[in-house]
Amino acid sequence: IWAADGTGLIQTLPVDSVRSVDWSPDGRTVGLTTRAGRVLYHRLDTGTTDRPESGDEDLSGHIRFSPDGQHLAYEARDAELGAVVRVMPVGGGAHTQIQVNGLEVDGPAWSRDGNTLYLRWSAALLAVGVSARPVFRQTSTHEVVYQSTIGGGLLYTSAAHDDLRCVDRG
């Protein structure tokens, strides 16, 4: 991890083959997935790396902390459904699979208020209502919020979690 001001290396993560990285909202923890299918948390203040228990052993990447830092959305592989998105508490525990009628989805991104998860499905961007109180649950079925007109797939970024930018790739 390099200092943002370019002054040099702060810490080296004790991990090989990283697939996806995300910072916790408080900036103290780096969450990452590995090619070996693990979610890890590296705490910058202590220099320790932990592996929370999620019940998943086949993670494929693209992790994102919720805006309140209490949950982590990530991609996993399901034997029957293919690519799916699941959410687990940051401290570990049972995951919740986001239900999108059997569609293969990936690339989770949270809305700023944490009440919507955005997912990529082929050339479309889907929105799914969620709630973390009192426990995490899905509150609505998916809704298509953007559809590519050229059909070449879809890239999107979530700057500040509410400013979604969609780009058609052709």
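Nearest heavy atom pair, residue Asp113 against residue Asn115, reads OD1-N, 2.8 Å. Here the closest non-hydrogen pair linking Pro25 and Phe65 is CD-CB, 3.9 Å. Residues Met88 and Gly93 come closest through the heavy atom pair CB-O, 4.3 Å. Minimum heavy-atom separation, Leu32 to Ile63: N-CD1, 3.1 Å. Across every non-hydrogen atom of Pro89 and Ala94, the tightest pair is CD-O, 3.5 Å. A pairwise comparison of heavy atoms in Ala127 and Thr116 identifies CB-CG2, 3.8 Å as the closest pair.
Side-chain atoms of Ser20 never come within 3.5 Å of backbone atoms of Thr33 as a donor-acceptor pair (strictly under, hydrogens ignored). In this structure, Thr139 contributes its side chain and Gly129 its backbone to a donor-acceptor pair below 3.5 Å. Judged by distance alone, the side chain of Gln138 and the main-chain N or O of Gln99 form a donor-acceptor pair under 3.5 Å.
One finds the CZ atom of Arg86 at 10.5 Å from the CD1 atom of Ile98 (value rounded to the nearest 0.5 Å). Once rounded to the nearest 0.5 Å, the distance linking CG of Asp22 with OG1 of Thr29 reads 11.0 Å. In this structure, the separation between CG on Leu72 and CZ on Phe136 is 11.0 Å, given to the nearest 0.5 Å. Between the CG atom of Leu126 and the CG atom of Leu119 there is a distance of 6.0 Å, given to the nearest 0.5 Å.
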Evaluate Leu117 against Val87 for side chain to side chain contact (heavy atoms under 4.5 Å, CB included), listing each step before the verdict. CA-CA 10 Å; Leu117 259 177; Val87 177; 3.7 Å; yes

Residue pair Val30, Tyr41: steps toward the side chain to side chain contact (heavy atoms under 4.5 Å, CB included) verdict: CA-CA 6 Å; Val30 176; Tyr41 300 125; over 6 Å; no

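Between His95 and Tyr74, the ring-plane angle classifies as perpendicular under the 30° and 60° cut-offs.
In terms of the side-chain contact (heavy atoms from CB on, under 4.5 Å) criterion, residue partners of Asp26 (sequence neighbours excluded) are, by chain and number, Ser24, Arg28.
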